[in-house]
Amino acid sequence: DIGHKLYELRKALEDLREAATVMGKITVEVPIGESVSATVAVCYLLGGDVELVAAERSGGYSVLEANGGSSDCSDYEAARLVATGCGGTLLATEDPALGAEVIEYCTLATSASIPDSDLLEKVNTRLWTRSFLVGYSISLADVFMWSRLSKSGAPVNAVNVGRWFSHMESLPAIGKSKAFLTENSGTAGDWAEVMRLVKSQGNFHVFNLPGIEPGKVCTRFPPEPSGYLHIGHAKAALLNDFLARSYNGKLILRFDDTNPTKEKSEFEDNIMADLERLGIKPDTLEYTSDYFDKLLEMATDWIMQGYAYVDKTPVEEMRRQRMACEENEYRTAPLEDNLRLWEEMKQGTEIGLTCCVRAKIDMQSKNGTMRDPIIYRCIEGAVHHRTGTKYKLYPSYDFSCPIVDSLEGVTHALRSNEYIDREVQYYWMCDTAKLRRPYMWDFSRLNFKYAVLSKRKLQWFVDNKIVEGWADPRFPTVQGIRRRGMTIQALRAFILSQGASKNTNLMEWDKIWTVNKRVIDPVAPRHTAIGKANRALIVKNGTDEVRTVPKHKKNPDLGKKSVIYGRRVLLEEQDVEGVNEGEIVTLMDWGNVQITSVSGEELHGEFLPENKDFRKTKKFTWLAEIPDLAPATLITYRHLITKEKLEEDEKLEDFVNMESKSEEEVMCDVNVKLLQKGEVIQFERRGYYILDSVFRGISDKPMVFIQVPDGREASTR
């Protein structure tokens, strides 16, 4: 009842006050690889006698006290200990009523049984007339709630919670906490880590770039915000970042927002979030739209000087003419006609919508990109997500990219070799604009078998609801493969191991998943899952007991788990097929059992504690049959397409794998109920899995685990 709850809260506060008087100076070891941390945020909010140390830890946080005591705990437990040890300010310990509310909202924030949507609704209501969740200043409740929402990625669009969340993000302490975590992200940027995980080191000496001056190198990563970041984009971003950091230079993130019909703020936000996860910290954020007025002015000058002309030729006919190297009448039209049509384009009139502006280069060139490419076109009814309806026409990437590169001070532009034919065009644009040329380097594109990296094709899968969205585990997006269990360490190491070579090849997915296995295997706790199709074994001399054993036999730092033993255990049905009376079988991590009878759905057996010969016995995973087993769905994903590589003339819809997802219902050991979303484990004899949906205590909503490929062919198909 309420009275009992208040008593427990007051007792907790008393315990916190007592602890606060004895902890003294605190050292907190933070696991390398954290992206959001309530503990680190608390440390920066409090300052004082708290030392933060980034450490290779697989068992959570460690809080070391001045008196020599230490506690290994979760992020939230560590944050609470630090807040307690630094006087209890964030816990409102001087006011019992407020202190009770702090604990109440901390409990809400850390409760896995409350869906994000329900939590957001409750918080939004709470903040209707408040700036903070409790009282008139920031408390641990605010930090825990900010951390929960940041980790879950839940949308904070409601007015009150959005205002509060923006304020939390603007706090210097939160900014410092993010900087600390980014600087100690553990992403494999050094060659020792790459060699450890991939066994080979990429070659960056092939750059051999002119104009390299330490401190003056400037690179850029210019994604179009028309989709999520995929693994090919990640390579481009990492290589540009690598070159900039190697020479103490600068990296510009510039959104190429020149196609408003495809672009969304959602895509921008997710691209920036993925770059942060990859350990990439751009020095400057820019938009091509910041240069729209300058580009319009330049296009006008080109028309005036005869470097460009306005063309009304229908699209299909223009395409035919370019293929046939044919000029048309608009190429030699009088300046007055060009300026009149140019004005129609700028006004977005009916006539203007039929026109485009083309650079006047060389219609006889053997390089198709030099046959008068389009540099401006009208987009009817377009509403730009930054400039609204101010502009009726937009520059092409071919025109804007080299111009803006030069204006921004880019010294070296690295891009995949699918653009290699456009290099001469890139330099023509710079020369015609009388601007400095950035130096170009083309590297090999990452191509994987049974995958498409075209955003247009990926959008087709989304639009046709074949996938859940851009973060679907079957997608080659950063968020997609992370949801399937890919670690940032493995992704960075794999990409950097490719180096900056121009050699193109079609890669197997098993290579990158093998690298990932080397990351997760040493730190993935071991658990047990038994399929719903199972058989019961009654062990007549078995005992009902609970034992504490390591979560990982080779990594004691992961901590302990409880294993329940009983007289009635569940076995996989496929395991017991063919088992005969009198046969001795091994229950893994328990011992040998002799089968005394096989009847119907049950087997009977006798435990043989003295028999330690496990060499030739059949090995069975098992679970004691108890009401508290955790129901779960195990999902296995396969490739979205059925062909290794699609050719240009082949239709995507003809090669869709409609059986790319399969599910199995299982029962898991009780320990998995404590797992958090995103944790990777190994189910014995089944493989690695990442938790996608946590235990909520609702019988009709099982936990959901996604199989993590381990590099073997069967797990990546």
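For the single chain, residues carry numbers from 1 onward in sequence order. When reading the values below, keep in mind they use all heavy atoms of this one structure, side chains included, and skip hydrogens, waters and symmetry mates.
Residues I231 and L491 form a side-chain contact, since some pair of their non-hydrogen atoms from C-beta on lies under 4.5 Å apart. With a 4.5 Å cut-off on side-chain heavy atoms, L285 and M272 count as touching. When side chains are defined from C-beta on, K661 counts as touching Y637, because their heavy atoms get closer than 4.5 Å. Side-chain contact between E263 and F255 is absent, with no heavy atoms from C-beta onward closer than 4.5 Å.
A donor atom on one side chain and an acceptor atom on the other are not found under 3.5 Å apart for N367 and S365. A donor atom on one side chain and an acceptor atom on the other are found under 3.5 Å apart for E418 and S416. Side-chain atoms of Y309 and D337 form no donor-acceptor pair, as typed in the model, at a separation below 3.5 Å. With no hydrogens or angles considered, no side-chain donor-acceptor pair links D398 and S396 at under 3.5 Å. Between the side chains of E508 and Y450, no donor N or O sits under 3.5 Å from an acceptor N or O. Looking at Y287 and D257, their side chains never bring a donor and an acceptor atom within 3.5 Å of each other.
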| said: Test salt bridge (Lys or Arg N to Asp or Glu O under 4.0 Å) on D274 and R482; report intermediate values, then the result. | reply: CA-CA 10 Å; D274 286 337; R482 286 189 75 242; 5.8 Å; no
| query | Taking it one step at a time, do R483 and D692 satisfy salt bridge (Lys or Arg N to Asp or Glu O under 4.0 Å)? | reply | CA-CA 8 Å; R483 190 174 163 205; D692 195 57; 2.9 Å; yes
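Proximity of the aromatic rings of Y376 and W302 is defined here by a centroid distance below 6.0 angstrom, and this criterion is not met.
Of the listed residues (R436, R220, R254), just one forms a salt bridge (Lys or Arg N to Asp or Glu O under 4.0 Å) with E408, and that residue is R254.
Side chain of R331 to main chain of D372: no donor-acceptor pair is present (N/O by atom type, distance under 3.5 Å, no hydrogens or angles). In this structure, Q425 contributes its side chain and T369 its backbone to a donor-acceptor pair below 3.5 Å.
Within the structure, side chain to side chain donor-acceptor pair (under 3.5 Å) contacts touching residues 646-660 (residues at least two apart or in different chains) are R474-S660, K643-E650.
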